[in-house]
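Working notes, beginning with the structure itself.
Counting from 1, the numbers follow the sequence of the chain as shown. Since this is a predicted model, take the numbers as computed values, not measurements.
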Amino acid sequence: MTEQPSTTSADSEPSFEVQLARTKALEPDFLGLDVAEAKLLATQLGVHLRVIDSENQPVTADLRSNRITVDARTGVITEATAG
């Protein structure tokens with residue numbers, strides 16, 4: 001009887017690049033939404049949402065594969081960026 005190699009959760013998770021590509025494909029879905037709608041959509045899609053809603057808001061440079069950063073300074077989402 002041969003032993004099967006054990007699989008860990010890391011083996012079954014998609015790579016960072018694959019996860020980022022999936023999140024990037026969601027960017028257009030956020031355009032034109034208000035912040036409340038964007039938060040609801042992010043929850044439904046299982047992604048983290050970072051909202052830029054003022055000129056002086058600091059933005060970190062850490063890259064996350066399951067995060068969308070949205071620009072809501074005009075009251076609606078005008079830009080959505082994965083990572």
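- Looking at Glu37, its side chain does come within 3.5 Å of a backbone N or O of Asp34 through a donor-acceptor pair.
- For Ala42 against Leu49, the heavy-atom pair with the smallest separation is CB-CB, 3.8 Å.
- Under the 3.5 Å distance criterion, the side-chain polar atoms of Arg67 are matched with a main-chain donor or acceptor of Gly83.
- Taken from OG1 in Thr74 to CD in Glu79, the straight-line distance is 11.0 Å, to the nearest 0.5 Å.
- Rounded to the nearest 0.5 angstrom, Thr78 OG1 and Asp71 CG are separated by 4.0 Å.
- Counting heavy atoms of neighbouring residues, nucleotides and ligands inside a 6.0 Å radius, atom CZ of Arg73 exceeds 12 of them.
- In the hydrophobic clustering of ILVMFWY residues, with side-chain heavy atoms under 4.5 Å counting as a link, Val76 and Val35 come out apart.
- Note that CG of Leu40 and CG of Leu45 are 9.5 Å apart. Values are rounded to the nearest 0.5 Å.
- Distance check: Thr43 OG1 to Leu41 CG gives 8.5 Å after rounding to the nearest 0.5 Å.
- Residues Val47 and Leu26 are in side-chain contact: their nearest non-hydrogen atoms beyond the backbone lie under 4.5 Å apart.
- For the atom pair OG1 of Thr69 and CZ of Phe30, the computed distance is 10.5 Å after rounding to the nearest 0.5 Å.
- Hydrophobic clustering (ILVMFWY, side-chain heavy atoms < 4.5 Å, transitive): Leu31 and Leu33 are in one cluster.
- Between the Ser65 side chain and the Phe16 main chain, no donor and acceptor come within less than 3.5 Å of each other.
- Checked against side-chain contact (heavy atoms from CB on, under 4.5 Å), Glu27 has the following partners two or more places apart in sequence or in another chain: Lys24, Ile68, Ala80, Thr81, Ala82.
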